[in-house]
A.B. asks: 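Dumping the structure here so I can ask a few things about it.
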Protein chains: 2
Amino acid sequence: MPSPDLAFRAHDHARCAASALHAAQTLCAARNLRLTPARARVLEILLEAHRALGAYEILERLREDGQPAQPPVAYRALNFLCENGLAHRIERLNAFVACVDPQAEHDAAFLICRRCDRVAESPRDQDAGHLGAAAADAGFAIERTVVEALGLCPDCQGGQP
Amino acid sequence: MPSPDLAFRAHDHARCAASALHAAQTLCAARNLRLTPARARVLEILLEAHRALGAYEILERLREDGQPAQPPVAYRALNFLCENGLAHRIERLNAFVACVDPQAEHDAAFLICRRCDRVAESPRDQDAGHLGAAAADAGFAIERTVVEALGLCPDCQGGQP
DNA sequence: TCTTGTCCTGTTACAAGGTAACAGTTAAGC
DNA sequence: GCTTAACTGTTACCTTGTAACAGGACAAGA
């Protein structure tokens with residue numbers, strides 16, 4: 001898996017995007033999922049941006065391709081991508097990022113820069129310490145866990161808040 | 001601090017609401033904050049509901065008190081309550097809960113029932129395992145962390161999904 | 001090859017969540 | 001009492017998300 005802080009370091013975006021797209025194609029073929037042109041295009045947009053994008057930003061870019069596009073177009077593709085572990089929703093931002101390491105549905109943790117909106121995905125500590133125990137205690141059945149840390153990335157530190 | 005699973009157990013709501021409201025008053029007095037009638041009323045509404053409420057649900061209840069009320073009224077009160085640790089925003093639901101143990105600004109973790117929207121607050125494992133380390137590694141400065149587990153509470157398990 | 005069912009797309013119309021900006025009012029400090 | 005800062009009321013608007021329905025593509029089996 002790529003290093004968790006990759007998003008915050010200089011690197012070859014084009015190459016990491018291409019490799020993620022390829023991984024997505026492989027994964028879909030293996031699982032008999034249809035990575036249709038619309039879905040692939042949305043994934044590509046996310047990969048190119050390499051940061052969290054709102055659904056309406058994605059829509060704009062779809063429109064730049066020449067077609068009109070209404071909100072459900074973006075949301076359907078995003079739902080597909082999120083359900084299949086190819087992208088993640090960032091609740092805090094009402095936005096979406098491509099997954100750097102697509103694989104079967106998986107929870108992840110995120111470092112979100114509140115200045116530049118770049119998002120780094122970090123592998124998840126499975127039972128999340130206390131929380132798993134507290135849930136078991138309460139008889140609560142956890143299905144999915146969102147972990148989002150908000151702060152400043154290295155580039156945005158130093159300087160005004 | 002109240003047991004983390006309190007929200008999922010039968011208990012005397014009226015009493016726990018009254019005690020939380022009292023704690024809030026004490027805390028505001030101590031910190032020289034103005035718990036104005038509008039703010040207190042919103043907190044009371046949250047405490048009575050004893051689950052996550054959307055801003056517009058809160059608005060409805062404010063209107064039931066007889067006054068008209070526009071969205072900024074609710075949002076201002078909610079901002080005040082969240083900033084001062086008297087309530088928490090649940091990102092996943094775009095909703096708010098009263099804090100069961102008001103105190104200086106603090107992060108918490110939540111167990112959210114996706115059927116009945118009840119929310120239990122659990123004390124937070126401070127550095128959240130891997131994440132703190134990954135952040136340090138990346139040079140990322142964490143300011144606030146959101147941890148939300150989605151699932152089914154004891155009462156909503158068994159039966160349809 | 002035709003048919004049928006299933007999944008995907010296009011589009012309209014709207015619901016829900018959230019905020020900027022400005023005018024007026026209250027409270028606290030001097 | 002006067003000034004200043006903080007809070008409230010209101011208008012108007014922007015952003016995010018979804019329900020519902022019609023039409024199209026495609027694979028599987030008769």
A.B. asks: Backbone N or O of B:Ala40 within a donor-acceptor pair of the B:Gln25 side chain at under 3.5 Å?
C.D. replies: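 Absent.
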A.B. asks: Each nucleotide in nucleotides 19-30 of chain C should get exactly one letter: B, S or -. Can you fill that in based on protein heavy atoms under 4.0 Å?
C.D. replies: BBB-----S---
A.B. asks: Rounded to the nearest angstrom, tell me the gap between atom CD in B:Glu60 and atom C1' in C:dG17.
C.D. replies: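 Distance, rounded to whole Å: 14 Å.
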A.B. asks: Between C1' on D:dT16 and CZ on B:Arg92, what's the gap in Å once rounded to a whole number?
C.D. replies: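 In whole Å, D:dT16 C1' and B:Arg92 CZ are 15 Å from each other.
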A.B. asks: Tell me the interatomic distance from B:Arg41, atom CZ, to D:dC7, atom C1', rounded to whole angstroms.
C.D. replies: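 The distance from CZ of B:Arg41 to C1' of D:dC7 comes to 19 Å, rounded to the nearest Å.
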A.B. asks: Tell me: CZ of B:Arg39 to P of D:dG9, nearest whole Å?
C.D. replies: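 It works out to 12 Å between those atoms.
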A.B. asks: So that I can tick it off, tell me whether B:Arg61 and B:Glu64 are bridged by a salt bridge, with the cut-off set at under 4.0 angstrom between side-chain N and carboxylate O.
C.D. replies: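 Salt bridge: no.
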A.B. asks: Base, sugar-phosphate alone, or nothing: which one does A:Ala38 contact when heavy atoms must sit under 4.0 Å apart?
C.D. replies: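 Sugar-phosphate contact only - A:Ala38 comes under 4.0 Å of backbone atoms but never of a base.
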A.B. asks: To the nearest Å, give me how far apart CZ (A:Arg89) and P (D:dT18) are.
C.D. replies: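 Result: 8 Å.
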A.B. asks: Between P on D:dT8 and CG on B:Leu59, what's the gap in Å once rounded to a whole number?
C.D. replies: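 Those two atoms, CG and P, are 14 Å apart.
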A.B. asks: Do NZ/NE/NH1/NH2 and the carboxylate oxygens of A:Arg63 and A:Glu60 come within less than 4.0 Å?
C.D. replies: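 Salt bridge: no.
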A.B. asks: Within this structure, what is the CZ-to-P distance between A:Phe80 and C:dC8, rounded to whole angstrom?
C.D. replies: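 Computing the A:Phe80:CZ to C:dC8:P distance gives 7 Å.
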A.B. asks: Between the side chains of A:Glu143 and B:Arg114, is the shortest nitrogen-to-carboxylate-oxygen separation below 4.0 Å, so that they form an ion pair?
C.D. replies: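 Result for this pair is yes, salt bridge flagged.
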A.B. asks: With a 4.0 Å limit, can you tell me whether A:Asn94 has a side-chain N or O closer than that to the phosphate oxygens OP1/OP2 of D:dG17?
C.D. replies: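 Checking A:Asn94 against D:dG17: at least one side-chain N or O falls below 4.0 Å of OP1 or OP2.
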A.B. asks: Determine the minimum heavy-atom distance between B:Leu47 and B:Ala98, stating which atoms define it.
C.D. replies: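 Answer, listing the atom of B:Leu47 first, then B:Ala98: CD2-CB, 3.5 Å.
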A.B. asks: Whole angstroms only, please: what is the CG-P distance between B:Asp117 and C:dA16?
C.D. replies: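 Taking CG of B:Asp117 and P of C:dA16, I get 14 Å after rounding.
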A.B. asks: Backbone N or O of A:Arg34 within a donor-acceptor pair of the A:Arg39 side chain at under 3.5 Å?
C.D. replies: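 Flag set: sc A:Arg39 to bb A:Arg34 pair under 3.5 Å.
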